[in-house]
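Below is one structure; the comments refer to it alone.
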Amino acid sequence: MGLDEHDRELLRLVKGTPQPEPSIAELARLIGEDENRTRERVERLVAGGRMRREGARLIAVDHALDDARPDEQIP
């Protein structure tokens, strides 16, 4: 699954967010897109194994994120 700019930004936000994390609406605002589009994006990333859910919490599970600095490209 290829990642576009919004995918990478969303993963980076989820990875770097302390509890409580922002809502889907807040994540959509932060990456500059419609809330429904962000919800679809989250579901696609979960289905693709890039994120997982723990209750209401989203967790970025992409191993490449562990070593990525905020200014680095996520593969």
Side-chain angles (χ1 to χ4, degrees):
M1 171 178 77
L3 297 177
D4 68 16
E5 179 182 339
H6 285 311
D7 289 344
R8 288 189 298 272
E9 189 173 0
L10 183 59
L11 285 167
R12 210 176 289 291
L13 284 169
V14 168
K15 179 179 186 279
T17 302
Q19 293 297 314
E21 74 267 359
S23 65
I24 295 290
E26 179 65 8
L27 288 169
R29 187 187 69 74
L30 290 169
I31 65 173
E33 72 178 6
D34 174 81
E35 182 178 344
N36 288 330
R37 178 70 183 113
T38 298
R39 190 176 316 282
E40 292 169 0
R41 185 179 302 282
V42 165
E43 294 308 318
R44 183 174 45 78
L45 290 168
V46 168
R50 298 274 189 162
M51 280 188 197
R52 66 182 166 86
R53 294 185 183 276
E54 269 187 15
R57 183 176 181 214
L58 291 170
I59 298 171
V61 294
D62 192 296
H63 298 292
L65 292 175
D66 292 336
D67 299 325
R69 294 186 322 266
D71 61 333
E72 283 183 311
Q73 181 95 349
I74 297 173

**Study point:** Derivation of the side-chain contact (heavy atoms from CB on, under 4.5 Å) call for Leu58 and Leu45
**Key:** CA-CA 10 Å; Leu58 291 170; Leu45 290 168; over 6 Å; no
Exercise for review: Show the numbers, then the answer: is there a side-chain contact (heavy atoms from CB on, under 4.5 Å) between Val14 and Val42?
Suggested key: CA-CA 10 Å; Val14 168; Val42 165; over 6 Å; no
Review point. Where do Arg44 and Glu40 land on the salt bridge (charged side-chain N to carboxylate O under 4.0 Å, His left out) test, with the steps shown first?
Key: CA-CA 6 Å; Arg44 183 174 45 78; Glu40 292 169 0; over 6 Å; no
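Annotation: side-chain contact (heavy atoms from CB on, under 4.5 Å) contacts of Glu43 (sequence neighbours excluded): Arg53. A search for side-chain contact (heavy atoms from CB on, under 4.5 Å) contacts involving Glu33 returns His6, Ile31, Arg37, Thr38, Arg41, not counting sequence neighbours. The side-chain contact (heavy atoms from CB on, under 4.5 Å) test applied to Arg52 returns Glu54, Ile59, Val61, not counting sequence neighbours.
The pair Glu26-Arg29 counts as a salt bridge, with a side-chain nitrogen and a carboxylate oxygen less than 4.0 angstrom apart.
Taking all atoms of both residues into account, the shortest heavy-atom contact from Lys15 to Ala60 is CB-CB, 4.0 Å.
Atom CE of Met51 is separated from atom CG of Asp7 by 8.0 Å, given to the nearest 0.5 angstrom.
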